[in-house]
Amino acid sequence: MSNAITSGKVWLVGAGPGDPDLLTLRAARLIMRARLIVHDGLVDPAILALARPDAVLVSVAKRRSRHTMPQDEINALLVREALAGKEVVRLKGGDPFIFGRGGEEAEACHAAGVPVEVVPGISAAIGAAAAAQMPLTQRRSASIVSFVAGQCKGLSEQNWSGLTGQGRTLVIYMGLATAEAIADKLIADGLAPDMPVAVVENATRPQMRVLRAPLAGLPDLVSRHKVKSPAVIVIGEVAAEPEIQTLRALALEAAQ
Ligand code: SAH
C-alpha cells in the first residue's frame, strides 16, 4: 500500500462485520487519519468512533427499498471529492467486493482518472462462521461453499440448484425479507426440507444471535424470533449443532 496519503485518491475500505478488532491494520490506520469518510449504514458506530474528531463523516446509508443516496450519486460524490484533491476513505461493511458495490465505485473512479486502492475486509459470512464457531467447510461434510444474494435479482434470476445439498454450504446475504421464497425455491429444487439452517444475526457484535431450524422451518424461525438485518443464513450440514452433525453423518453413512 502507498502508506502516505497523497492528494486526490479513493480508498475502498472493508470495515468487517462489526467488531472493531476485526479491522485490518491497514483499514484502522486509514480510518484513524482520514479527514473525509464516506460510509454505509452497516459500518458499526464503534468503528466510526476511531475517526479523528475533526474528520467529516458522510453517511450514504442504504436500506432495502429505502436508498438514501442512489449509487450513481455515491460514485459522483467520491469522484468529485477526489478530483478536488481530497483523500476519501470509502468505508463499507464487510468486504468492499462482496455484495458491496465496490466494483461499481472502482469503475467510476477509473473512468474519471481517480486513483483507487482497495482494502479487503472480513466479509459477513466469514465473521459469522468464526463468531458462531461454525466452519463453512468441514472435511467430512462440506467442500464447497457459495455466497449468494437473497434479494431481488439474486433470488429471482439466478439458478441456485447445485449450490446446496450434500457436501455443500450456502451462505445467503440479504435474505431475511425473502426467507420464505428462499426455503420454497430450495425445496422445489430438491433440497431436503430437514437440511440444517442457521441464521446469524449481528455476527461479531455484542448482541449476536445464532438461531437454528430445519430448512422448512426457516420462515417461521425468522418471524418468531423477529430476526432483523443484518443477518446471514447458512444452509448445509455445517449449520447443525455439532452433536446433531455427528448423528446426521452416522445416519447418512448407514443409509449408503
Ligand atoms: N460487503 C458486505 C455485505 C454487504 S450486503 C460483506 O462483505 O459482509 C449486506 C448484508 O451483509 C446484510 O444484509 C447481511 O446479510 C450481511 N451482513 C453484514 N454484516 C453482518 C453481520 N454483522 N452479521 C450478519 N450479517 C451481516
Side-chain angles (χ1 to χ4, degrees), residues 1-2 9-32 34 37-48 50-51 57-64 67 69 71 74-75 78 88-110 114-137 144-154 158 163 169-176 198-205 208 229-235 238:
M1 136 182 204
S2 48
K9 180 166 174 176
V10 171
W11 279 263
L12 295 176
V13 180
D19 183 344
D21 278 0
L22 294 176
L23 284 169
T24 61
L25 278 178
R26 189 174 291 180
R29 284 190 191 127
L30 286 165
I31 294 165
M32 287 192 285
I37 297 179
V38 178
H39 67 91
D40 289 344
L42 265 182
V43 175
D44 202 275
I47 288 174
L48 296 176
L50 297 174
L57 273 71
V58 179
S59 168
V60 292
K62 249 184 263 132
R63 289 265 179 280
R64 204 172 161 275
H67 291 222
M69 195 185 281
Q71 188 60 47
I74 300 175
N75 298 351
L78 301 178
V88 189
V89 169
R90 171 69 175 113
L91 196 54
K92 297 168 160 294
D95 180 85
F97 281 178
I98 297 284
F99 307 128
R101 304 210 184 173
E104 292 167 45
E105 293 173 10
E107 270 170 27
C109 291
H110 292 151
V114 168
V116 184
E117 205 164 309
V118 182
V119 180
I122 293 181
S123 194
I126 308 294
Q133 302 207 3
M134 183 173 33
L136 298 180
T137 66
I144 294 181
V145 53
S146 312
F147 298 168
V148 299
Q151 196 192 17
C152 316
K153 289 186 187 163
Q158 296 291 347
L163 300 181
T169 303
L170 183 65
V171 185
I172 304 167
Y173 288 62
M174 299 172 280
L176 282 183
V199 177
V200 187
E201 180 193 56
N202 277 309
T204 81
R205 298 180 178 166
M208 174 170 99
S229 184
V232 285
I233 302 169
V234 182
I235 302 181
V238 301

Contact check, side chains of V88 and W11, non-hydrogen atoms, under 4.5 Å: no
The side chain to side chain contact (heavy atoms under 4.5 Å, CB included) partner of L91 among I47, L12, L30 is I47
So which of I37, V13, V60 actually passes side chain to side chain contact (heavy atoms under 4.5 Å, CB included) with R90? V60
So E105 and L78, side chain to side chain contact (heavy atoms under 4.5 Å, CB included) or not? Walk me through it. CA-CA 8 Å; E105 293 173 10; L78 301 178; 3.7 Å; yes
Just to verify, what does F147 make a ring pair (Phe, Tyr, Trp, His ring centres under 6.0 Å) with, not counting sequence neighbours? Y173
Nearest non-hydrogen partners of [X] and [Y], listed with the distance:
X: A203; Y: M208; result: CA-SD, 3.7 Å
X: L136; Y: A129; result: CG-CB, 3.6 Å
X: C109; Y: V10; result: SG-CG2, 3.9 Å
X: S146; Y: L163; result: OG-CD2, 3.6 Å
X: V171; Y: A125; result: CG1-CB, 3.6 Å
X: G127; Y: P17; result: CA-CG, 4.0 Å

Criterion side chain to side chain contact (heavy atoms under 4.5 Å, CB included) on L48 and H39, from CA distance to verdict: CA-CA 9 Å; L48 296 176; H39 67 91; 3.5 Å; yes
Exam field: side chain [X] to backbone [Y], donor-acceptor pair closer than 3.5 Å:
X: K92; Y: G14; result: no
X: S123; Y: I126; result: no
X: T204; Y: D19; result: yes
X: D95; Y: G121; result: yes

Separation between [atom1] of [X] and [atom2] of [Y], rounded to the nearest 0.5 Å:
X: R29; Y: L23; atom1: CZ; atom2: CG; answer: 12.0 Å
X: E201; Y: S229; atom1: CD; atom2: OG; answer: 9.0 Å
X: L22; Y: I122; atom1: CG; atom2: CD1; answer: 4.5 Å
X: I172; Y: Q151; atom1: CD1; atom2: CD; answer: 12.5 Å

Show your reasoning for whether side chain to side chain contact (heavy atoms under 4.5 Å, CB included) applies to H110 and V116. CA-CA 7 Å; H110 292 151; V116 184; 4.1 Å; yes
For V199 and V232, what are the C-alpha separation, side-chain angles and deciding distance, and is it a side chain to side chain contact (heavy atoms under 4.5 Å, CB included)? CA-CA 6 Å; V199 177; V232 285; over 6 Å; no
Check this for me, if you would: do R101 and D40 make a salt bridge, where the nitrogen-to-carboxylate-oxygen distance has to be below 4.0 angstrom? no
Worked verdict on D44 versus R205 for salt bridge (Lys or Arg N to Asp or Glu O under 4.0 Å): CA-CA 9 Å; D44 202 275; R205 298 180 178 166; 3.1 Å; yes
